[in-house]
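As structure tokens, the structure follows; a few thoughts come after it.
Only a predicted model underlies this, so the values are computations on that prediction, with no experimental measurement involved. For ligands, and for the atoms within them, numbers begin at 1 and follow the listed sequence.
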Amino acid sequence: LGPTVTIGEILVEIMAETPGVGFLEPQPLTGPYPSGAPAIFIDQVARLGGAAGIVGCVGHDDFGRLNIERLQRDGADVSAISIHPELPTGSAFVRYRPDGARDFVFNLTRSAAGQISLDDAAKALLDRAGHLHVMGSALSIPGAWDLIRYGLDRIAECGGSVSLDPNARKELLSSHEAAGQFAAIVAEADLLLPSGDELFAAAGCEGEEAALAALFDQGVSEIALKRGDKGATVFRHSGERTDGAAFQVEEIDPTGAGDCFGAAYLTCRRMGFPPDRALLYANAAGARNVTRKGPMEGAGSFDELDAFIANTSRA
Ligand code: ADP
């Protein structure tokens, strides 16, 4: 089966070192770290040895090279990452509030990250994909829909599968057009990876039971619901439910947990692991990632996740 392919923003992240200090005064920063939800996701797939590729765009600068070199080193196919001749690589500045909440200053749609398009390299990668992972966040980029639509059609033709992380910004989904695109992806998805209320956004109704029923009616076969430090639950169309306890870790940086979780769950399922074993690795991947500063610095290989599982207690 062909590689797992995703589409969307590739960024660098630069973090304020001291929680509680805003960006209104000079202060120590750390980074740049490679980032962007689709990039984190695909890096974690590749770290697990899964065939992986991403359609994205970076600038002709160090931030772009940093991302391409990391993804390539970790084993991802970077042939469909284009290099924009003028615009800089996208960036996100993040700072943490004392309660752990995050504030971002994004440069996304007006950077190279916002310039993805259905070019020849993107078509070539999507033509050989065996699985398409769609990130709701990518729908903020104007060219993303053409790529997603093309990818969904190719996947339908080759009998591949589709997953969706419905992490689209709420304001975006209030637009009629984006809501229609989002619904079209849900209708073609086999696996959903929602976190919290995103389950309801994907289902178009409130209430866990009603939302699950609505999604299964539309042909979704598995839903892995992420619950942060409470772990996660997998619901299957067949009616089975599998709860996975969270690993007990000290959270250093929550960014990227959901992406690593989703990548590990999907990759394990594509490798033929049963849902409970896939969920174990997914919970481990999410938890391990929050113990490291930097959005994809904690993405682990199977050896690293096995060691983490052996040495970490669960709630
Ligand atoms: P998202 O980043 O998409 O909002 P979550 O915050 O729910 O997703 O994190 C995804 C998964 O990562 C969780 O289901 C859990 O397995 C793991 N995880 C996240 N935060 C923690 C934490 N503080 N302790 C342990 N596991 C965590």
Side-chain angles (χ1 to χ4, degrees), residues 6 8-9 11 13 15 19 33 35-45 47-48 92 94 96-97 99-104 133-140 163-170 189 191-202 208 222-235 241-269 273 275-300 304-305 308-309 311-315:
T6 193
E9 66 277 14
L11 310 171
E13 185 174 301
M15 301 161 71
Y33 291 108
S35 188
I40 302 164
F41 176 93
I42 216 65
D43 187 70
Q44 176 65 88
V45 174
R47 296 274 289 141
L48 292 173
V94 62
Y96 295 87
R97 297 195 196 177
D99 68 358
R102 286 168 287 176
D103 291 311
F104 287 96
H133 177 70
V134 182
M135 284 278 177
S137 62
L139 286 172
S140 302
S163 52
L164 169 66
D165 184 331
N167 61 349
R169 302 216 338 258
K170 277 211 179 89
L191 167 65
L192 289 189
L193 296 153
S195 156
D197 285 357
E198 290 166 4
L199 175 69
F200 309 134
E208 190 169 291
E222 288 186 20
I223 300 171
L225 184 61
K226 299 171 275 183
R227 306 185 203 271
D229 63 4
K230 311 223 165 23
T233 303
V234 172
F235 300 93
R241 170 192 174 128
T242 312
D243 290 298
F247 287 90
Q248 286 181 312
V249 293
E250 190 197 345
E251 186 175 288
I252 305 285
D253 179 3
T255 307
D259 307 317
C260 289
F261 173 99
Y265 188 79
L266 172 75
T267 303
C268 288
R269 292 293 283 143
F273 293 24
D276 57 339
R277 200 156 168 73
L279 183 57
L280 175 72
Y281 280 114
N283 274 320
R288 185 178 189 276
N289 195 54
V290 306
T291 64
R292 311 282 155 107
K293 239 185 210 181
M296 66 168 82
E297 302 311 303
E304 287 165 337
L305 294 185
F308 176 86
I309 291 166
N311 297 318
T312 315
S313 53
R314 305 182 75 182

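In this structure, NZ on K226 lies 6.5 Å from CG on N167, to the nearest 0.5 angstrom. Atoms CG and CG, on L266 and L48 in that order, are 10.0 Å from each other to the nearest 0.5 Å. A distance of 11.5 Å separates CG in L139 from CZ in R169, rounded to the nearest 0.5 Å.
Among protein residues, S195, K226, R227, G228, D229, G231, A232, F247, V249, E251, A257, G258, F261, N283, G286, A287, V290 come within 4.0 Å of ligand 1, judged on heavy atoms.
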- Query: Are T312 and R288 close enough, and set up right, to give a side-chain contact (heavy atoms from CB on, under 4.5 Å), and what steps lead you there?
  - Reply: CA-CA 10 Å; T312 315; R288 185 178 189 276; over 6 Å; no
- Query: When you look at K293 and Y33, which way does the side-chain contact (heavy atoms from CB on, under 4.5 Å) test go after all the steps?
  - Reply: CA-CA 9 Å; K293 239 185 210 181; Y33 291 108; 3.9 Å; yes
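By the side-chain contact (heavy atoms from CB on, under 4.5 Å) test, A282 is found to be paired with F261, A264, Y265, residues two or more places apart in sequence or in another chain being considered.
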